[in-house]
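Here's the structure we're looking at; comments come further down.
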Amino acid sequence: MDTALEEKRLQEITALCKNRGFIFQSSEIYGGLRSAYDYGPLGVELKRNIINEWWRDMVYSRQNVVGLDASIIMHPKVWEASGHRAGFADPLVDCLICKERFRADKAPKKIAGEAVTIQLADKGKAKEALDFIEKNLSLQLTRNKKNIEGAVASERGYVCLNCNSPFLSEERQFNLMFRSFMGPVDPMEEVANAVENGNFEGLKGKDLRQAMEKILNPSTVFLRPETAQAMFVQFNNIQRSMSLKLPFGIAQAGKSFRNEITTRYFIFRSCEFEQMEMEFFCHPDEDDQWLDFWKKERMNWWHRYANKPENFKFRQHSPDELAHYSKDCYDVEYKFPWGWDELEGIANRTNYDLKKHEEASGKRLQYRDPESGEMYFPHVIEPAAGATRAVLAYLDDALDQDEIPDSKGELQKRTVLRLHPRLAPYKVAILPLLRKEGMPEKASQVADQFFQAGINARYDEVNAIGKRYRRHDEIGTPYCITIDQDTIEDNTVTIRDRDTTKQERISIEEAVDIVKNRLAEG
RNA sequence: GCGGGUGUAACUCAAUGGUAGAGUACCAGCCUUCCAAGCUGGCAGUGUGGGUUCGAUUCCCAUCACCCGCUCCA
């Protein structure tokens with residue numbers, strides 16, 4: 001697929017989401033807020049259905065997995081122990097020559113004084129760079145085609161990872177966690193007082209920052225950047241209260257927050273996102289086999305709701321991209337319009353988290369084997385999936401176009417969202433053929449039957465029947481039930497299948513069971 | 001956050017330094033007996049804030065949002 005088509009695909013999905021009430025931009029009337037999205041009447045159903053399916057599979061289908069819904073704001077020490085406070089504050093640097101921004105710890109290392117050749121994209125860029133160096137840095141260097149020679153590495157010990165330049169901006173901290181303040185008094189007031197009293201007099205840079213942090217820290221809290229930590233922190237309470245024996249899992253779905261440097265691709269990467277995470281605690285000798293087990297389970301789950309399972313695959317992390325806590329990790333990737341990208345990470349976190357929290361809290365977070373009496377840190381296998389990413393993946397997987405004949409027999413394009421029935425926002429649409437002769441009343445009664453059966457049905461009488469069929473095709477409603485004159489006479493209705501557009505005449509009594517059975521499939 | 005691009009109605013697109021139009025969609029009514037029908041009427045817009053100007057949607061500046069590249073990540 002070429003770039004133009006990929007872009008068009010994502011636009012199609014975004015447009016459908018807005019037009020049909022799935023997903024809107026946050027605060028749209030005020031110009032929108034960066035990378036924040038609201039799930040509309042249909043989107044909330046789709047997202048909830050996905051999370052419910054996950055919960056059903058993880059918690060309701062297994063004897064050894066239990067649920068948790070922890071608070072989003074946790075004790076600040078949780079994030080110190082987990083490494084997020086340090087790890088989420090990456091020092092970033094701008095290259096003064098090529099304008100590249102990069103993480104200081106990822107840049108090529110050089111010894112101070114070592115000669116480096118700056119490599120630009122072309123001769124023109126190299127000439128510009130040479131001018132810039134002469135004017136702004138007062139250095140005379142020489143140009144050789146698109147390279148600039150004669151520069152030396154500075155005492156910082158690294159150079160630009162793009163062009164090799166040693167001419168770099170200061171390192172700047174970007175805290176990737178959302179900071180907030182707990183307590184009735186705004187801590188800015190205390191900062192203002194300190195300034196007024198001259199407490200910061202003479203302080204600069206790092207020292208000034210530290211002095212201000214000291215005032216802010218007592219009331220500082222962070223929004224969780226992942227849901228996982230609560231499962232570790234509550235390990236003891238959950239294990240004891242539920243009398244759990246290894247191996248067992250704790251599952252949680254909920255919101256997490258990260259100040260991403262860049263957000264991109266609609267809801268794919270946003271600062272506020274929803275996760276579905278499970279921490280599976282097992283004996284240290286069994287972690288590899290459980291990782292394998294959960295890989296299989298999770299891929300089965302992704303495939304269950306997919307029209308095109310070939311668009312889901314595993315990618316193993318290479319040793320240098322593994323997170324500091326993780327021994328082995330596989331991503332479930334989906335072939336998004338812009339390419340393969342991550343949906344879920346299935347990681348072997350070893351005993352890193354429990355150990356860290358035991359150290360930091362001074363509370364024992366080990367498991368005592370009831371038979372042998374042995375005390376040990378369980379190892380943890382973590383399948384951590386993005387719920388909001390799942391929404392986007394399944395929308396892309398389901399969005400399709402085909403052709404069906406119109407009333408004149410000519411083929412017309414049809415947009416159809418081939419969502420798995422359990423993911424579909426509405427399971428069935430109840431449509432009076434005409435708005436007269438008692439059809440609306442009869443249709444209302446049929447809709448009530450579905451509501452009583454706990455099935456989300458949609459009564460819809462707006463526009464001509466063909467248009468209503470198309471509308472429900474577009475939002476993924478698997479069935480349309482139409483009430484016509486025969487219904488009034490003999491209590492039969494037509495039921496239309498979204499994917500085939502074929503209709504069948506059935507009795508009203510059968511209708512609920514047909515839909516129910518379809519929902520139970522697969 | 002850096003670099004590049006874009007910004008007119010819910011959508012697709014017109015026009016203009018001097019009263020912003022159309023199609024689709026949406027709403028109401030009429031008509032309609034199964035796959036985006038018709039008729040009538042209606043709602044609705046220059047992202048935001050400044051500047052230049054008698055007058056700015058148009059020119060300039062800033063800002064915000066989105067898209068592309070880098071980066072980061074579930």
Side-chain angles (χ1 to χ4, degrees), chain A residues 3-4 6-7 10-11 14-16 18-21 24-36 88 90 92-96 98-103 106 161-162 169 172 174 176 225-228 255-256 258-266 268-271 273-277 321 323 329 331-333 338 341-347 382-390 404-410 412-415 431-437 439 462-474 480 482-488 493-494 496 501-503 505:
Chain A
T3 314
E6 291 163 15
E7 279 174 36
L10 193 58
Q11 272 168 21
T14 312
L16 178 102
K18 182 176 182 186
N19 198 25
R20 292 299 183 201
F24 310 116
Q25 193 176 22
S26 163
S27 319
E28 198 189 72
I29 62 167
Y30 288 105
L33 184 64
R34 182 164 62 99
S35 135
F88 268 65
D90 303 317
L92 295 183
V93 171
D94 291 323
C95 175
L96 301 177
C98 72
K99 309 293 179 201
E100 182 84 6
R101 168 167 293 182
F102 55 91
R103 271 176 61 175
K106 293 227 170 151
L161 51 67
N162 180 49
S169 74
R172 293 176 66 196
F174 290 82
L176 269 68
E226 61 175 26
T227 56
K255 294 215 169 179
S256 293
R258 291 182 195 174
N259 261 317
E260 296 290 350
I261 293 178
T262 304
T263 53
R264 185 67 61 89
Y265 302 132
F266 194 34
F268 181 78
R269 180 177 296 112
S270 44
C271 294
F273 59 103
E274 208 147 344
Q275 292 185 301
M276 307 181 288
E277 292 194 302
E321 75 179 307
C329 183
D331 282 352
V332 177
E333 293 195 332
W338 60 89
D341 219 330
E342 183 179 4
L343 278 178
E344 170 162 4
I346 303 168
E382 175 194 75
T388 31
R389 285 185 177 183
I404 61 167
D406 64 14
S407 51
K408 293 172 199 133
E410 283 172 32
Q412 297 288 342
K413 275 194 182 152
R414 173 180 80 127
T415 301
L431 316 170
L433 184 62
L434 298 171
R435 257 191 285 188
K436 60 179 188 184
E437 293 168 29
M439 291 181 207
V462 176
N463 299 117
I465 188 70
K467 211 166 204 173
R468 279 178 273 164
Y469 287 149
R470 296 299 187 87
R471 184 158 59 227
H472 282 281
D473 288 342
E474 216 174 299
C480 287
T482 304
I483 281 70
D484 57 18
Q485 206 163 37
D486 291 348
T487 313
I488 312 293
V493 295
T494 60
R496 172 189 180 272
T501 77
K502 294 280 183 308
Q503 280 181 301
R505 189 120 211 139

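Sequence lines set the chain letters: A, B, ... in the order given, protein chains first and strands last, and positions in each chain run from 1. Everything numeric here is computed off the predicted structure, so don't read it as measured data. All values below were derived from every heavy atom in this structure, side-chain atoms included, with hydrogens, water molecules and symmetry-related copies excluded.
- Whole-Å rounding puts the A:Ile404 CD1 to B:rA36 P distance at 7 Å.
- If you check every strand for non-hydrogen atoms under 4.0 Å, A:Phe268 touches a base.
- Across all strands shown, A:Leu431 has no heavy atoms under 4.0 Å from either base or sugar-phosphate atoms.
- Across the C1' atoms, B:rG55 and B:rG69 are found 42 Å apart, a figure rounded to whole Å.
- B:rU12 and B:rG45 have their C1' atoms separated by 14 Å, given to the nearest Å.
- Here A:Arg414 lies out of heavy-atom contact (under 4.0 Å) with every strand.
- Phosphate proximity of B:rA36 to A:Lys413: absent, as no side-chain N or O sits under 4.0 Å from OP1 or OP2.
- When all heavy atoms are compared, the tightest approach of A:Phe24 to A:Lys18 is CE2-O, 3.4 Å.
- Taking atom CD of residue A:Gln25 and atom P of nucleotide B:rC11, one finds them 11 Å apart after rounding to whole Å.
- As rounded to the nearest Å, B:rA20 and B:rA9 have P atoms that lie 15 Å from one another.
- Atom CD1 in A:Ile465 sits roughly 8 Å away from atom C1' in B:rC35 (whole-Å rounding).
- Counting to the nearest Å, the C1' atom of B:rC73 and the CD atom of A:Glu342 are 7 Å from each other.
- One can find a donor-acceptor pair under 3.5 Å joining the base of B:rC34 and the side-chain atoms of A:Thr494.
- Between the base of B:rC73 and the side chain of A:Arg258 there is no donor-acceptor pair shorter than 3.5 Å.
- Considering only side-chain N and O atoms, A:Asn259 lies nowhere under 4.0 angstrom from the phosphate OP1 or OP2 of B:rC73.
- Using P as the reference atom, B:rU48 and B:rG5 are 22 Å apart when rounded to the nearest Å.
- Ranked by how close their nearest RNA chain B nucleotide is to the 5' end, A:Arg20 and A:Thr388 are led by A:Arg20.
- Phosphate proximity of B:rG69 to A:Arg264: present, with a side-chain N or O under 4.0 Å from OP1 or OP2.
- Within 4.0 Å of A:Asn19, counting heavy atoms only, lies no atom of the nucleic acid at all.
- The same atom, C1', is picked in B:rG50 and in B:rU57; the two are 16 Å apart, to the nearest Å.
- Donor-acceptor pairing under 3.5 Å, judged by distance alone, is present between the side chain of A:Gln503 and the base of B:rC34.
- Comparing the P positions of B:rA36 and B:rC26 gives an interatomic distance of 14 Å, to the nearest angstrom.
- The CH2 atom of A:Trp338 sits 13 Å away from the C1' atom of B:rC73 (whole-angstrom rounding).
- For A:Leu434, counting side-chain heavy atoms from C-beta on, the closest listed nucleotide (B:rU32, B:rA65, B:rC34) is B:rU32.
- Interface remark: the A:Arg34 side chain does not form any donor-acceptor pair with the B:rC66 base, using a distance-only criterion of under 3.5 Å.
- Residue-level contact check: A:Asn463 touches the backbone only, with heavy atoms under 4.0 Å from sugar-phosphate atoms and none from bases.
- The same atom, P, is picked in B:rU40 and in B:rA25; the two are 15 Å apart, to the nearest Å.
- The ring of A:Tyr469 does not lie on top of the base of B:rA36; it is either too far (5.5 Å or more) or too tilted (30° or more).
- A close approach under 4.0 Å does not occur between any side-chain nitrogen or oxygen of A:Lys467 and OP1 or OP2 of B:rC35.
- Nearest heavy-atom pair, A:Ser35 versus A:Arg269, reported as atom, atom and distance to 0.1 Å: OG-O, 4.0 Å.
- Checked by distance alone, A:Arg435 brings no side-chain donor or acceptor within 3.5 Å of a matching partner on the base of B:rC31.
- To the nearest angstrom, C1' of B:rU71 lies 13 Å from CG of A:Asp341.
- Nucleic acid contact for A:Ser270: base, since at least one base atom lies under 4.0 Å from a heavy atom of the residue.
- With hydrogens and angles left out, the side-chain atoms of A:Tyr469 and A:Glu474 include no donor and acceptor closer than 3.5 Å.
- A cation-pi contact, defined as under 6.0 Å to the ring centre and within 45° of the axis, links A:Arg389 to A:Phe268.
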Dot-bracket for RNA chain B, 5' to 3', Watson-Crick and G-U pairs with both distances under 3.5 Å, [ ] for crossing pairs, | for partner on another strand, reads (((((((..((((....[..)))).(((((.......)))))....(((((..]....))))))))))))....

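- Within 4.0 Å of A:Arg468, counting heavy atoms only, lies no atom of the nucleic acid at all.
- Distances from the side chain of A:Lys18 to the nucleotides B:rU32, B:rC35, B:rA10 place B:rA10 closest.
- The CZ atom of A:Phe266 sits 7.5 Å away from atom CG of A:Leu10, with the distance rounded to the nearest 0.5 Å.
- Between the side chains of A:Ser256 and A:Glu226, no donor N or O sits under 3.5 Å from an acceptor N or O.
- Between the CE atom in A:Met439 and the OG1 atom in A:Thr482 there is a gap of 10.5 Å [rounded to 0.5 Å].
- If you measure from atom CG of A:Leu33 to atom P of B:rC66, you get 8 Å, rounded to the nearest angstrom.
- At a threshold of 4.0 angstrom between heavy atoms, the contacts of A:Glu333 with the nucleic acid are absent.
- Look at the P atom in both B:rG51 and B:rC66: the space between them is 28 Å, to the nearest Å.
- Once rounded to the nearest 0.5 Å, the distance linking CD1 of A:Ile465 with CZ of A:Arg470 reads 12.5 Å.
- Side-chain proximity of A:Tyr265 to the nucleotides B:rC35, B:rG69, B:rC34 is greatest for B:rG69.
- Of the side-chain N and O atoms in A:Arg471, one or more sit less than 4.0 angstrom from OP1 or OP2 of B:rC26.
- In this structure, A:Asp484 pairs ionically with A:Arg505, as a charged nitrogen and a carboxylate oxygen lie closer than 4.0 Å.
- Each of A:Phe266 and A:Asp406 was matched to the nucleotide of RNA chain B holding its nearest heavy atom; the match closer to the 5' end belongs to A:Asp406.
- At the phosphate of B:rG49, neither OP1 nor OP2 sits under 4.0 Å from any side-chain N or O atom of A:Tyr30.
- A salt bridge is defined here as a Lys NZ or Arg NE, NH1 or NH2 lying under 4.0 Å from an Asp or Glu carboxylate O, and A:Arg496 with A:Asp473 meets this definition.
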